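Keep in mind that this is a model prediction, so the values were computed, not measured. Keep in mind that the numbers below use all heavy atoms, side chains included, and drop hydrogens, waters and symmetry copies.
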Amino acid sequence: MAGLITVVCAAVIVRERVLVMRKRDTAAFMLPGGKPEPGETPQQALHREIREELGCGLIPGAELAGDFTAPAANEPGHTVQARIWVARLTGTPVAAAEIAELRWLAAEDVPVLTLAPLLRGRTLTALVAAGLMPSQAAVA
């Protein structure tokens with residue numbers, strides 16, 4: 001893939017569905033998380049981003065296995081490369097900072113929602129393979 005690569009950290013938060021968010025002035029839903037700041041570890045960045053975007057804490061579990069690289073949803077010409085953890089929240093998530101909308105994604109939502117390329121591709125496949133989300137084919 002051509003262009004700049006942006007490294008991000010994201011969380012898969014599952015409560016029978018997967019928590020996704022949409023930033024202000026954008027159309028695509030994506031996993032919560034974001035870019036590490038200089039000197040931050042990936043998990044430190046993840047905790048900070050969850051506090052900023054969702055106003056709650058995070059208990060990360062296992063890292064989701066796979067190569068999660070895709071065109072950036074909101075930065076043309078850029079590619080994102082993500083490390084993704086399965087996680088639980090402490091507290092109730094609310095849209096904060098630049099987040100316009102939160103949504104609990106179910107398999108039946110996948111065909112009708114605009115999803116970021118990173119989420120629509122390998123990430124959904126990995127979630128289904130890990131048993132964290134029912135197969136989209138079962139509801140399509």
| task | Take Leu115 and Leu124 through the side chain to side chain contact (heavy atoms under 4.5 Å, CB included) test and state the conclusion after the steps. | result | CA-CA 10 Å; Leu115 301 178; Leu124 279 178; 4.0 Å; yes
| Pair Leu89-Leu19, side chain to side chain contact (heavy atoms under 4.5 Å, CB included): steps then yes or no | CA-CA 10 Å; Leu89 295 176; Leu19 183 63; 4.0 Å; yes
| task | For salt bridge (Lys or Arg N to Asp or Glu O under 4.0 Å), just list the numbers for Glu98 and Arg24, CA-CA rounded to whole Å, side-chain angles, deciding distance to a tenth of an Å, and then say yes or no. | result | CA-CA 6 Å; Glu98 73 273 17; Arg24 269 190 233 111; over 6 Å; no
| field | Side-chain (Arg51) to main-chain (Leu58) donor-acceptor, under 3.5 angstrom | value | no
| query | Measuring from Thr123:OG1 to Met133:CE, what's the distance to the nearest 0.5 Å? | reply | 11.5 Å
| request: Check the pair Met30, Asn74 against side chain to side chain contact (heavy atoms under 4.5 Å, CB included), reporting the backbone distance first and the verdict last. | output: CA-CA 11 Å; Met30 60 190 62; Asn74 301 318; 3.4 Å; yes
| note | Separation between CG (Leu118) and CZ (Phe68), nearest 0.5 Å, reads 8.0 Å
| Atom CG in Leu113, atom CD in Glu108: separation rounded to 0.5 Å? | 10.5 Å
| query | Hey, what do you get for CG (Asp109) to CH2 (Trp104), rounding to the nearest 0.5 Å? | reply | 13.0 Å
| query | By salt bridge (Lys or Arg N to Asp or Glu O under 4.0 Å), which residues pair with Arg83, not counting sequence neighbours? | reply | Glu63
| query | Looking only at atom types and distance, does a side-chain atom of Glu49 sit under 3.5 Å from a main-chain N or O of Leu46, one as donor and one as acceptor? | reply | no
| Are Glu53 and Lys23 ion-paired here, with the side-chain N under 4.0 Å from a carboxylate O? | no
| task | Output every pair passing side-chain hydrogen bond (donor to acceptor under 3.5 Å, both in side chains) with a member in residues 25-36, not counting sequence neighbours, ordered by first then second residue. | result | Lys35-Glu75
